[in-house]
Amino acid sequence: MSEMKRYSVGIDLGTSNTVLAYAEAGSDEIRVFEIEQLVSPGEVAARPLLPSVRYHPAQGELSAGDLQLPWSDGESASSRDADGRAGRTAGQRANDTVRLSSDGADDGQPVVIGRLARLLGAQVPGRLVTSAKSWLSHASVDRVAPILPWGAADDVHKVSPVEASASYLAHVRAAWNQRFPDAPLERQDVVLTVPASFDEGARALTVEAARMAGLPSLRLLEEPQAAFYDWLFHHRERLGAELAHTRLVLICDVGGGTTDLTLIEVGMADGEPQLTRIGVGNHLMLGGDNMDLALAHLVEARLAGGGERTRLSAASLSQLVERCRGAKELLLGPQAPDSASITLLGAGSKLVGGARTA
């Protein structure tokens, strides 16, 4: 390992959250990287989870000071494609002029990424980009076209699923390089996880997003295998005994956008387990997003007050889904209350008076 590759880094680019963990070369100590991000306008804090969401504020909604990040004026802010100009795909050419949002700007448009974006998106409909990873694997749409936020008004800045994914990786890269300037992320041993059921197109677009974020050299690892590797690591001292009477291991990864299944066959040779992957489940678009949407439709019906149901617009439904996600996490979290109220604000002059609660 070269002197510059001081760390082995794993990045989980999740549908709901992005997480980075790392270990120094030769060390067994694995640490979660606390990612600096905006948590309120003008306030930056480090958190173990970077919500994989973008908020596109209206003109004048937030000031430059509200969007200031520690690396905003640094070289890492642009996070351009570090792979040069050779051999670019259509997706890269389409994004040549885009400034990825590690510095709070996207082609001149203000952008918020992470925790503050999630908070703002629950308050204002039609401006939050969510579930880019699910769109990345959606073969029925143009995944390099500016289609997100889905259903947003014409005056809202839009990005492609590839751009959105790249912006989360660019943010992570900028935060890492801010803390470890002598060990840039792009020069470390980096592994990026993907669902086992991702097809070749979705995998290629994930690699494309990484290249756009300035991470041109990394390896992909399937998420259920990553989970199994973690289990193997924690049981490494007694692995033979743990698997002595096991012939099959089923790994179930229920994520924000997909449910991923992988089957491992266990054989024994000289008392040591021999592991072979023998099956991968179909691409199941079933996860936390679906739970949030189911709750949102339930609340949507209750907000109608039992009368004739009025369907919400795509933008308002997106806002309601985000509020339901917050209520779900509250009700399933520690010290959970017995119930949670969800309020959907009105629009325009009826912002407060038009509010409805369920």
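Keep in mind it's a predicted model, so treat the numbers as computed, not measured.
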Are N177 and E186 close enough, and set up right, to give a side chain to side chain donor-acceptor pair (under 3.5 Å), and what steps lead you there? CA-CA 9 Å; N177 290 355; E186 57 271 22; 3.3 Å; yes
Distance alone, cut at 3.5 Å: any donor-acceptor contact between the side chains of Y55 and E61? yes
One thing to verify: whether E34 and R179 come together as a salt bridge, which I'm taking to mean a side-chain N less than 4.0 angstrom from a carboxylate O. no
Those residues at least two apart in sequence (or on a different chain) that pass ring-ring contact (aromatic ring centres under 6.0 Å, His included) with F198 are none
Are the side chains of R311 and H297 in touch, meaning some heavy atoms are under 4.5 Å apart? yes
Do the side chains of L344 and L312 get nearer than 4.5 Å, heavy atoms only? yes
Please verify the inter-ring angle class for W176 with F180; under 30° counts as parallel, over 60° as perpendicular, anything in between as tilted. tilted
Using the salt bridge (Lys or Arg N to Asp or Glu O under 4.0 Å) rule, take E223 and K133 through it: C-alpha gap first, then chi angles, then the decisive distance, then the call. CA-CA 13 Å; E223 290 161 4; K133 184 176 179 179; 2.6 Å; yes
ring-ring contact (aromatic ring centres under 6.0 Å, His included) against F233, all qualifying residues, sequence neighbours excluded: none
Sidechain N-carboxylate O distance under 4.0 Å for D182, R187: no
Could you walk me through whether S341 and T357 pass the side chain to side chain donor-acceptor pair (under 3.5 Å) test, one step at a time? CA-CA 7 Å; S341 294; T357 299; over 6 Å; no
From CG (L250) to SG (C252), nearest 0.5 Å: 4.0 Å
Side-chain heavy-atom pair Q274, M268 within 4.5 angstrom cut-off: no
CG (N17) and CZ (R115) are apart, to the nearest 0.5 Å, by 10.0 Å
Would E265 and R247 pass as an ion pair if we require N to O under 4.0 Å? no
Just wondering, do P57 and Q109 contact through their side chains at under 4.5 Å, heavy atoms? no
Under 3.5 Å donor-acceptor, H235 side chain and A241 backbone: no
Out of curiosity, I35 CD1 to I113 CD1, how far, rounded to the nearest 0.5 Å? 11.0 Å
Under a 4.5 Å cut-off applied to non-hydrogen side-chain atoms, are W135 and I147 in contact? yes
When rounded to the nearest 0.5 Å, the distance separating OG of S137 from NE2 of H283 is 3.5 Å
Where does the angle between the aromatic ring planes of H56 and H157 fall among parallel (under 30°), tilted (30 to 60°) and perpendicular (over 60°)? tilted
Around N282, counting heavy atoms of other residues, nucleotides and ligands shown, do more than 12 lie under 6.0 Å from its CG? no
Result block: side-chain N/O donor-acceptor pairs under 3.5 angstrom for residues 322-329, not counting sequence neighbours:
from, atom 1, to, atom 2, distance (Å)
E322, OE2, R118, NE, 2.9
E322, OE2, R325, NE, 2.8
E322, OE2, R325, NH2, 3.0
R323, NE, A122, O, 2.4
R323, NE, T343, O, 3.4
R323, NH1, T343, O, 2.6
R323, NH2, A122, O, 2.9
R325, NH1, E329, OE1, 2.8
R325, NH1, E329, OE2, 2.9
K328, NZ, D292, OD1, 2.8

Spell out, as yes or no, whether a donor-acceptor pair under 3.5 Å connects the side chain of S165 to the backbone of P161. yes
Is any side-chain heavy atom of L239 closer than 4.5 Å to one of L232? yes
Sub-3.5 Å donor-acceptor pair from the side chain of S27 to the main-chain atoms of E29, do we have one? yes
What I want to find out is whether E222 reaches R203 closely enough, with some N-O distance under 4.0 Å, to be called a salt bridge. yes
L128 CG to W150 CH2 distance, which is reported to the nearest 0.5 Å: 16.0 Å
Without hydrogens or angle criteria, can the side chains of S131 and T15 be said to hold a donor-acceptor pair below 3.5 Å? no
Can a side-chain donor-acceptor contact be found between S167 and R54 if the only test is distance below 3.5 angstrom? yes
One should read off an interatomic distance between L215 CG and L192 CG, to the nearest 0.5 angstrom, of 8.5 Å
